[in-house]
Peer 1: 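One structure coming up, written as structure tokens, with questions to follow.
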Amino acid sequence: MKESETAAQFDVVIVGAGMVGASLACALAETGLRIAVLDSQAIEVRDVSSDSFDPRVSAITAASQAFFRSLGVWDAIMARRASPYTDMHVWEADGTGSIHFSATAIHADVLGHIVENSVILAALHERLMRYDNVTLLSPVTLSALRSPVAVTDAGTQGLVQLSLADDRHLSTSLLVAADGANSRVRELAGFNTREWDYEHHAIVTTVRTELPHQQTAIQRFMDEGTLAFLPLCQDGGAEPNDQHYCSIVWSVLPDYAHSLMALDDRHFAQALQGAIENRLGDIADVDKRYSFPLRQRHAAGYVQNGIALIGDAAHTIHPLAGQGVNLGLLDASALAKEISQAHAVGRSFADQRTLRRYQRRRIGHNLGMMWMMEGFKQLFADQPLPLRWLRNAGMTALDRTAPLKNRIMRSAMGIE
Ligand SMILES: Cc1cc2nc3c(=O)[nH]c(=O)nc-3n(C[C@H](O)[C@H](O)[C@H](O)COP(=O)(O)OP(=O)(O)OC[C@H]3O[C@@H](n4cnc5c(N)ncnc54)[C@H](O)[C@@H]3O)c2cc1C
């Protein structure tokens with residue numbers, strides 16, 4: 001790629017205006033740096049539908065809520081739609097092991113909020129449109145990039161050069177890849193990843209249930225996968241009448257996923273009702289279903305000369321604990337802090353010292369969470385009887401050990 005003299009120049013270019021990339025852009029906007037955010041999809045503020053829910057939702061932890069508040073978007077999220085949940089009940093298919101987590105046990109109002117991804121994006125994109133120093137480019141496709149040259153261990157020479165498919169060129173001191181699990185930036189820049197197939201597909205949809213969910217997330221672990229019902233509300237869910245919708249995430253073996261996807265709504269609802277052991281009565285309605293293959297992926301390093309990976313571009317994790325985007329938001333927060341601090345004292349915010357500090361702050365935490373999820377998945381895979389007994393006894397013992405259980409709860413909420 002030729003260095004273009006007509007390239008538009010920025011301090012930071014973020015590829016990907018998803019929840020993580022858009023959050024980073026909001027976090028950096030007040031620094032006055034010249035920022036470009038580009039996405040292959042339209043960056044826009046979509047209305048929230050009043051009569052249906054987005055099938056993609058995220059369980060937002062207290063830590064992510066605090067981050068959104070600091071970006072000035074939490075009120076805009078709540079004003080659109082967010083569903084608080086106060087309890088979580090997890091049990092094992094054999095029915096002998098179970099754990100109940102409750103916000104009251106740790107003197108909190110809620111354990112978290114289930115929020116539609118489109119609601120989070122609308123609030124973030126709306127916020128970004130206010131800033132004169134933030135340029136939004138969409139829909140655009142990245143076609144090539146050239147990294148700067150390393151001159152010393154900490155320093156680089158030149159800018160990162162980007163070419164877009166419409167023949168526009170950009171150059172930037174720092175390129176941030178927030179372009180999701182199949183990151184094109186990660187591929188073009190030659191980052192190594194370790195990845196493996198979970199041999200599971202996740203089916204997601206919204207259902208209406210006969211019984212109210214009582215602001216409780218429920219999850220059943222089975223040999224062949226996990227099934228979660230995440231409570232949704234139109235109006236904050238204080239009224240039981242507003243507690244009959246749930247977002248479901250059902251992760252199963254690929255063949256079973258194909259057969260579930262092939263069922264008509266009535267038969268799918270019956271299968272779902274059986275799998276959740278009828279806990280919410282009849283499944284009255286099922287919205288359109290989507291299925292995703294699940295892959296775990298982790299980049300060996302998150303930074304190179306002038307380039308950093310964040311969010312799913314750096315790591316993708318099994319959705320069973322609902323931590324994926326929460327980890328990505330912690331990446332965005334950590335990288336924004338490093339960049340802002342360096343910029344405030346006149347240091348280069350794109351040099352290796354700054355970028356490695358970001359990497360050190362995040363890589364161990366993300367890896368720890370990924371190994372924990374992998375351990376969970378293995379623990380609940382088809383196991384011989386004595387192991388199952390141990391697992392169920394362990395779950396029940398944990399349920400009775402309040403200090404440890406409360407610690408796990410706080411850690412999952414990102415507040416410890
Ligand atoms: C079934 C399922 C359920 C989940 N549930 C939860 C949950 O409850 N809680 C939770 O925390 N996480 C959950 N996750 C994970 C969560 O959805 C992801 O971690 C999160 O979406 C990652 O955000 P991101 O911004 O990094 O990437 P993405 O959301 O993938 O956004 C990437 C953005 O980059 C853009 N893009 C992609 N390629 C290019 C390109 N070449 N050029 C320009 N733009 C590009 C895309 O259009 C998109 O806007 C779940 C995941 C799945 C599959």
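Atoms within each ligand, like the ligands themselves, are counted from 1 in listed order.
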Peer 1: Before signing off on this row, confirm whether Val325 and ligand 1 have an N or O atom pair separated by under 3.5 Å.
Peer 2: yes

Peer 1: Given Gly18, Ala22, Ser40, Gly112, identify the one with the heavy atom nearest to atom 44 (N) of ligand 1.
Peer 2: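 Nearest heavy atom to atom 44 (N) of ligand 1 lies in Ser40.
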
Peer 1: To the nearest 0.5 Å, how far apart are CG in Leu294 and CD1 in Ile317?
Peer 2: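 Reported value, rounded in 0.5 Å steps: 11.5 Å.
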
Peer 1: Hey, which atoms in ligand 1 end up nearer than 4.0 Å to a heavy atom of Gly311?
Peer 2: 26 (O)

Peer 1: Under 4.0 Å from ligand 1, counting heavy atoms only, is it the side chain of Met19, its backbone, both or neither?
Peer 2: both

Peer 1: Please list the nearest protein heavy atom to atom 9 (N) of ligand 1 with its residue and the distance rounded to 0.1 Å.
Peer 2: Gly322 O, 3.1 Å

Peer 1: For atom 25 (O) of ligand 1, state whether the nearest protein heavy atom is under 4.0 Å away.
Peer 2: yes

Peer 1: Just to verify, which of Ile14, Val13, Asp11 counts as forming a side-chain contact (heavy atoms from CB on, under 4.5 Å) with Ile35?
Peer 2: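 For Ile35, the side-chain contact (heavy atoms from CB on, under 4.5 Å) check succeeds only for Ile14.
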
Peer 1: Taking only heavy atoms of Ser58, which atoms of ligand 1 are found under 4.0 Å from at least one of them?
Peer 2: 7 (C), 8 (O), 9 (N)

Peer 1: Closest non-hydrogen protein atom to atom 37 (C) of ligand 1, residue and atom name please, with distance?
Peer 2: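 Nearest neighbour among protein heavy atoms for atom 37 (C) of ligand 1, to 0.1 Å: Asp179 O, 3.3 Å.
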
Peer 1: Heavy atoms only: which of Ile317, Ile43, Val15, Val20 is nearest to atom 23 (O) of ligand 1?
Peer 2: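 Going through Ile317, Ile43, Val15, Val20 one by one, Val20 has the nearest heavy atom to atom 23 (O) of ligand 1.
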
Peer 1: Indicate yes or no: does an N/O atom of Asp312 lie under 3.5 Å from an N/O atom of ligand 1?
Peer 2: yes

Peer 1: Just going by heavy-atom distances, which of Val140, Asp39, Leu329 is nearest to atom 47 (O) of ligand 1?
Peer 2: Asp39

Peer 1: State the CZ-CG distance between Phe349 and Leu355, to the nearest 0.5 angstrom.
Peer 2: 10.0 Å

Peer 1: Tell me which protein heavy atom sits closest to atom 5 (N) of ligand 1, plus the residue, atom name and distance to 0.1 Å.
Peer 2: Val57 O, 3.7 Å

Peer 1: Closest non-hydrogen protein atom to atom 41 (N) of ligand 1, residue and atom name please, with distance?
Peer 2: Arg184 CB, 3.6 Å

Peer 1: Would Arg80 and Glu126 count as a salt bridge (Lys or Arg N to Asp or Glu O under 4.0 Å) here? Give the steps.
Peer 2: CA-CA 12 Å; Arg80 285 178 165 87; Glu126 183 177 63; 3.2 Å; yes

Peer 1: Do me a favour and list the nearest non-hydrogen protein atom to atom 3 (C) of ligand 1 with residue, atom name and distance?
Peer 2: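 Of every protein heavy atom, Pro319 CB, 3.6 Å lies nearest to atom 3 (C) of ligand 1.
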
Peer 1: Drop me the distance from Ile283's CD1 to Ile276's CD1, to the nearest 0.5 angstrom.
Peer 2: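 Between Ile283 CD1 and Ile276 CD1, I get 8.0 Å after rounding to 0.5 Å.
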
Peer 1: Of the choices Ser143, Gly180, Pro293, which has the non-hydrogen atom that lies closest to atom 30 (O) of ligand 1?
Peer 2: Gly180

Peer 1: Is there a donor-acceptor pair under 3.5 Å between the side chain of Asp87 and the backbone N or O of Ser102?
Peer 2: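 Absent.
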
Peer 1: Indicate whether any N or O donor in one side chain lies under 3.5 Å from an N or O acceptor in the other, for Asp331 and His315.
Peer 2: yes

Peer 1: Does the side chain of Asn326 come under 3.5 Å of the side chain of Ser64 through a donor N or O and an acceptor N or O?
Peer 2: yes

Peer 1: Could Arg81 and Phe53 be counted as a cation-pi pair, given that NZ or CZ must be under 6.0 Å from the ring centre and within 45° of the axis?
Peer 2: yes

Peer 1: Only heavy atoms of Gln41, strictly under 4.0 Å: list the atoms of ligand 1 that pass.
Peer 2: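 What qualifies from ligand 1 is 47 (O).
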
Peer 1: Using a distance-only test with no angle check, is there a side-chain donor-acceptor pair under 3.5 angstrom linking Asn117 and Ser58?
Peer 2: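 Yes - a donor-acceptor pair under 3.5 Å links their side chains.
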
Peer 1: From atom 8 (O) of ligand 1, work out which of Ser138, Ala59, Ala314 has a heavy atom at the shortest distance.
Peer 2: Ala59

Peer 1: In Å, rounded to the nearest 0.5 Å, how long is the span from CD1 of Ile203 to OH of Tyr256?
Peer 2: 8.5 Å

Peer 1: Give a yes/no verdict on a cation-pi contact between Arg289 and Phe268, requiring under 6.0 Å between NZ or CZ and the six-membered ring centre and an angle within 45° of the axis.
Peer 2: yes

Peer 1: Please list, in number order, the atoms of ligand 1 under 4.0 Å from a heavy atom of Ala178.
Peer 2: 32 (C), 33 (C), 34 (O)

Peer 1: Do me a favour and list the nearest non-hydrogen protein atom to atom 1 (C) of ligand 1 with residue, atom name and distance?
Peer 2: Val204 CG1, 3.5 Å

Peer 1: Between Thr216 (side chain) and Gln214 (backbone), is there a donor-acceptor pair under 3.5 Å?
Peer 2: yes

Peer 1: Do any N/O atoms on Asn326 end up under 3.5 angstrom from N/O atoms on ligand 1?
Peer 2: yes

Peer 1: May I ask you to check if ligand 1 and Ala313 share an N or O to N or O distance below 3.5 Å?
Peer 2: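 Not met; the criterion fails.
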
Peer 1: Out of Arg56, Glu187, Arg295, who gets a non-hydrogen atom closest to atom 51 (C) of ligand 1?
Peer 2: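 Considering heavy atoms of Arg56, Glu187, Arg295, the nearest to atom 51 (C) of ligand 1 sits in Arg56.
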
